[in-house]
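What follows is a single structure, written as structure tokens, with notes after it.
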Amino acid sequence: MTTPPIAHPPETLEGWFALHQIFRFRNPKLDLSRLARMVKSAGSGLEHDGASRSKARARKSDSAAGWSCFARLIGSTADVMVIHFRDSLDALGDAQDALARSELAKNLDPVYAFLSVTEAGLYHITAELARAATARGGTVGDEEYSRTLGERAKAEMGSAQVRRRLYPDLPADMPYVSFYPMSKRRDAGQNWYTLTLDDRSRLMQAHGLTGRRYAGKVQQVITGAIGLDKWEWGVTLFARDPLEFKKLVTDMRFDEVSAKYAEFGDFYVGRIVSGNAPARRKG
Ligand code: 76R
């Protein structure tokens with residue numbers, strides 16, 4: 001009998017490819033309302049619209065599926081963030097080209113871009129199947145493991161909760177957005193990637209419980225970037241109240257997995273100016 005490796009990756013499910021583009025105004029006189037007008041005229045599939053979302057759900061193979069949204073950044077080193085979700089890397093490239101050809105792009109200088117894909121990590125299932133494989137004298141990845149995994153993954157793909165993670169909506173009532181890239185630590189003596197799968201599964205379960213306290217207040221989109229970017233994940237949060245970003249991320253800092261293993265890039269915070277974000281509250 002071969003001993004299963006101590007550390008192996010969790011199985012993951014992927015959905016839409018994602019591109020976060022950060023720009024600075026070339027003309028410092030640009031403001032929010034002019035940006036919103038330019039976004040409207042950039043058009044050609046770049047704006048978020050409900051129709052492309054439901055079409056995406058119904059026909060996952062439709063290469064036009066997905067959406068883009070534009071945010072005005074506040075208090076940042078940059079001015080605009082554009083987030084595109086599309087169901088193939090090529091479709092994402094088309095969205096990138098469409099934006100580059102628009103009037104709006106003539107007014108923008110690129111500052112940063114982050115390429116990733118929506119991801120649901122199956123820690124719990126992978127850990128369970130790995131334990132079962134060991135118990136029956138098999139190995140991770142053997143026939144029985146792969147067959148059961150296929151069934152479990154299919155069931156997960158059918159669940160509304162997982163589909164929401166893989167094919168996220170732009171929440172209609174959450175106009176604020178916070179985006180940051182992150183990685184898990186790989187220091188000697190503090191290395192996420194050498195923890196056992198059981199330990200990682202336990203930590204991620206606790207992470208999920210902490211996060212669930214923000215259900216209805218913050219919508220998170222986790223995108224995996226290993227092999228696509230320098231950072232390992234993108235964290236995109238939408239909220240009705242921007243203070244919820246601070247509260248959630250503070251709670252996460254004290255949650256064991258972030259406290260011990262998380263490393264962060266720059267944070268980009270702003271307000272959605274396109275799509276179905278509600279108008280700014282008056283008074
Ligand atoms: O309910 C579930 O089973 C989903 C559990 C879940 C996973 C697997 C979950 C829930 N997350 C998962 C994965 Mn998350 N998340 C972050 C950050 O700032 C920080 O300290 C970390 C940034 C926040 C704020 C956040 C919020 N999550 C991940 C991953 C992939 C890691 C991996 O695979 O190793 C990362 C990098 C990550 C980071 N998480 C939640 C939240 C919130 C609010 C929830 C609960 C809401 C929900 O269930 O959708």
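We count ligands from 1, going down the list as the structure has it; atoms in each ligand are counted the same way. Keep in mind that what you see is a predicted model, and the values were worked out from it rather than measured. Position 1 is the first residue of the sequence, and the numbers go up from there.
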Checking side-chain polar atoms at under 3.5 Å, does Y112 have a donor or acceptor matched by the opposite partner on D266? no

In terms of heavy-atom contacts, L115 and L228 come closest through O-CB, 3.5 Å

Can you classify the ring geometry of W16 versus Y167 as parallel (below 30°), tilted (30 to 60°) or perpendicular (above 60°)? perpendicular

At what distance, to the nearest 0.5 angstrom, does CD of E244 lie from CG of L237? 11.0 Å

How far is atom 1 (O) of ligand 1 from its nearest protein heavy atom, and which residue and atom name does that atom have? R212 NH2, 2.7 Å

The reported gap from CE in M81 to SG in C69 (rounded to nearest 0.5 angstrom) is 7.0 Å

Report, in ascending order of atom number, the atoms of ligand 1 lying under 4.0 Å from any heavy atom of Q161. 1 (O), 2 (C)

R164 near ligand 1 by a heavy-atom separation under 4.0 Å: no

What protein heavy atom is closest to atom 13 (C) of ligand 1, reported as residue, atom name and distance in Å? M204 CE, 3.3 Å

Contact partition for Q220 relative to ligand 1, non-hydrogen atoms under 4.0 Å: side chain

Could you find the nearest protein heavy atom to atom 29 (C) of ligand 1 and give me its residue, atom name and distance? I222 CG2, 3.8 Å

Give the atom numbers and elements of ligand 1 that come within less than 4.0 Å of a heavy atom of V249. 18 (O)

Proximity to ligand 1 by part of H207, non-hydrogen separation under 4.0 Å: side chain

Does CD belonging to E151 count more than 12 external heavy atoms closer than 6.0 Å? yes

Indicate, as side chain, backbone, both or neither, the part of E232 found under 4.0 angstrom from ligand 1 when only non-hydrogen atoms are considered. neither

Is there a heavy atom in V218 that sits closer than 4.0 Å to ligand 1? no

Looking only at non-hydrogen atoms, the one of S201, G211, A215, A262 nearest atom 45 (C) of ligand 1 is G211

Within the structure, is a non-hydrogen atom of R165 found at a distance of less than 4.0 Å from ligand 1? yes

Parallel, tilted or perpendicular: which describes the rings of F179 and H20, with under 30° parallel and over 60° perpendicular? parallel

Per-atom contacts, ligand 1 versus V235 - under 4.0 Å to a heavy atom: 17 (C), 22 (C)

Do H84 and Q21 make a side-chain contact, defined as non-hydrogen atoms from C-beta onward lying under 4.5 Å apart? yes

Cationic N near anionic O, under 4.0 Å, K106 to E103: yes

Which one holds for S258 and ligand 1: side chain close, backbone close, both close, or neither close, with close meaning a heavy atom under 4.0 Å? side chain

Nearest non-hydrogen atom to atom 31 (C) of ligand 1 belongs to which of E263, Q205, K184? K184

List the closest protein heavy-atom neighbour of atom 30 (C) of ligand 1: residue, atom name, distance to the nearest 0.1 Å. W233 NE1, 3.6 Å

Report the part of M182 (side chain from C-beta onward, or backbone N, CA, C, O) that has a heavy atom under 4.0 Å from ligand 1; answer both or neither where that applies. side chain

Between F267, W192, Y123, which one has a non-hydrogen atom sitting closest to atom 34 (O) of ligand 1? Y123

Nearest heavy atom to atom 24 (C) of ligand 1: which of Y214, Y180, F245 does it belong to? Y180

Salt-bridged, R165 to E156, with N to O below 4.0 Å? no

Looking at E263, is its backbone amide N or carbonyl O close enough to the side chain of R185 to form a donor-acceptor pair, meaning the two atoms are under 3.5 Å apart? no

I'd like to know if R152 pairs up with E128 as an ion pair, taking the criterion as any Lys NZ or Arg NE/NH1/NH2 lying under 4.0 Å from an Asp or Glu carboxylate oxygen. yes

